[in-house]
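Data block below; observations after.
Counting begins at 1 with the first residue of the sequence.
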Amino acid sequence: MSEKILKIIKICLSIVVAFVLVFSSLFTYREHLAEAYELTFLSSFIVGIFFAAGGICLIFNKRVPQILYLCAAILLLIVFFVCIAFSNQFQMSGGFAFLHIVNPLIVLAYCLFLCDIRKTTVKLVPTVAAIPLLYLVFVLIFGAVTGNYIYFFMNYEKVGVWYSAVFILGILAGIFALGFALYFLNKIIQNLINGKKTC
């Protein structure tokens, strides 16, 4: 496949993915805007804006750092795995099922098959934890101020400091493991698609 055709495909899909993510998050939370601080909403909305910006950058021949797509995929996969693991604790019907399952899988597929992170050094992979860490800090501050810790496992006053700490460490370990796994899986897939040459 020529680079020009691939670029057109990436631009079109970036805009489509951006629309799906932003529309699904806004539509699902249209009656829950007071809860727009939840990661379920923020992850799809923010990643949707990122994909729109990425599509615009491609139109103007500006290269987007490929590691950012890995960060986007990880952010949505956190929602996917946490909500699957605790499906009895979260609302998973209608649009929420879409945000928890469909959006993460769409972004994961884009990241694996349309991004080429072979030139990205493995030392950058730990940066995938940056946004989740910032969100965890926000949750703790928000909870301390309002008494609403958003997610039950972050409410250390009820579940205990050790439970929350172990849960957070478990999430971070999972993020790092998933980040490295997707990094190397992307390299394998891109080598199969494009050959051993980097682009």
Exercise. Could you pull out the closest heavy-atom pair between Leu182 and Leu112, with the gap in Å?
Key: O-CD2, 4.1 Å

Quiz item: Val159, Trp162: one ILVMFWY side-chain cluster at the under-4.5 Å cut-off?
Solution: no

Quiz item: Can you name the nearest heavy-atom pair linking Val125 to Gly179, along with the distance?
Solution: CG1-C, 3.6 Å

Exercise. Dump the intermediate steps for side-chain contact (heavy atoms from CB on, under 4.5 Å) on Tyr37 and Asn148, then the final yes or no.
Key: CA-CA 11 Å; Tyr37 48 72; Asn148 176 8; 2.9 Å; yes

Quiz item: How about Glu38 and Tyr151: do any of their side-chain heavy atoms sit closer than 4.5 Å?
Solution: yes

Quiz item: Taking the six-membered ring for Trp, are the ring centroids of Tyr135 and Phe138 within less than 6.0 Å of each other?
Solution: yes

Quiz prompt | Atom pair CD1 (Ile9) and NZ (Lys7), whose distance is rounded to the nearest 0.5 Å | solution = 13.0 Å

Practice problem: With rounding to the nearest 0.5 Å, note down the distance linking CG in Leu75 to OG in Ser43. | Solution: 5.0 Å

Considering only distance and modelled atom types, tabulate donor-acceptor pairs under 3.5 Å from the side chains of residues 15-27, sequence neighbours left out.
residue: Ser24; atom: OG; partner: Val20; partner atom: O; Å: 2.7
residue: Ser24; atom: OG; partner: Leu21; partner atom: O; Å: 3.1
residue: Ser24; atom: OG; partner: Asn103; partner atom: ND2; Å: 2.9
residue: Ser25; atom: OG; partner: Leu21; partner atom: O; Å: 3.0
residue: Ser25; atom: OG; partner: Val22; partner atom: O; Å: 2.8

Quiz item: At their closest point, which heavy atom of Gln66 faces which heavy atom of Thr120, and how far apart are they?
Solution: CB-OG1, 4.3 Å

Quiz prompt | Evaluation steps, ring-ring contact (aromatic ring centres under 6.0 Å, His included), between Tyr29 and Phe96 | solution = CA-CA 9 Å; Tyr29 273 80; Phe96 286 98; 5.3 Å; yes

Quiz item: Would a hydrophobic clustering, with Ile, Leu, Val, Met, Phe, Trp and Tyr connected at side-chain separations under 4.5 Å, put Val161 with Val139?
Solution: yes

Self-check item: Single-linkage hydrophobic cluster Val166~Leu172, side-chain heavy atoms < 4.5 angstrom
Solution: no

Exercise. Might you work through the side-chain contact (heavy atoms from CB on, under 4.5 Å) test for Ser164 and Asn155, ending with a clear yes or no?
Key: CA-CA 7 Å; Ser164 294; Asn155 189 348; over 6 Å; no

Exercise. Dump the intermediate steps for side-chain contact (heavy atoms from CB on, under 4.5 Å) on Leu99 and Phe41, then the final yes or no.
Key: CA-CA 8 Å; Leu99 295 180; Phe41 171 81; 5.7 Å; no

Practice problem: Please assess Val107 against Leu77 for the test side-chain contact (heavy atoms from CB on, under 4.5 Å), listing each intermediate value before the final yes or no. | Solution: CA-CA 9 Å; Val107 174; Leu77 286 173; over 6 Å; no

Self-check item: Atom pair OG1 (Thr146) and CD1 (Ile141), whose distance is rounded to the nearest 0.5 Å
Solution: 11.5 Å

Quiz prompt | Closest non-hydrogen atom pair between Val79 and His100, with its separation | solution = CG1-CD2, 3.4 Å

Quiz item: Under the 3.5 angstrom rule, does the side chain of Gln190 hit a backbone N or O of Ile117 as a donor-acceptor pair?
Solution: no

Quiz item: What about Ile168 and Phe152, same hydrophobic cluster or not, with Ile/Leu/Val/Met/Phe/Trp/Tyr joined at side-chain heavy-atom distances under 4.5 Å?
Solution: yes

Quiz item: What is the distance from atom CD1 of Ile131 to atom CD1 of Ile46, rounded to the nearest 0.5 Å?
Solution: 7.0 Å

Quiz item: Which pair of non-hydrogen atoms, one from Ile171 and one from Phe153, has the smallest distance, and what is that distance?
Solution: CD1-CE1, 4.4 Å

Quiz item: So Tyr110 and Phe51, would you call those rings parallel, tilted or perpendicular, with 30° and 60° as cut-offs?
Solution: perpendicular

Quiz item: Are Ile8 and Val64 grouped together when hydrophobic residues (ILVMFWY) are joined by side-chain heavy atoms under 4.5 angstrom apart?
Solution: no

Quiz item: With side chains defined as the heavy atoms from C-beta onward, is the minimum distance between Leu68 and Phe50 less than 4.5 Å?
Solution: yes

Quiz item: For the atom pair OG1 (Thr127) and CG (Leu70), what is the distance rounded to the nearest 0.5 Å?
Solution: 7.5 Å

Self-check item: Minimum heavy-atom distance Val122-Tyr183, with the two atoms named
Solution: N-OH, 3.3 Å

Quiz item: What's the spacing between Glu35 CD and Ile150 CD1 if we round to 0.5 Å?
Solution: 10.0 Å

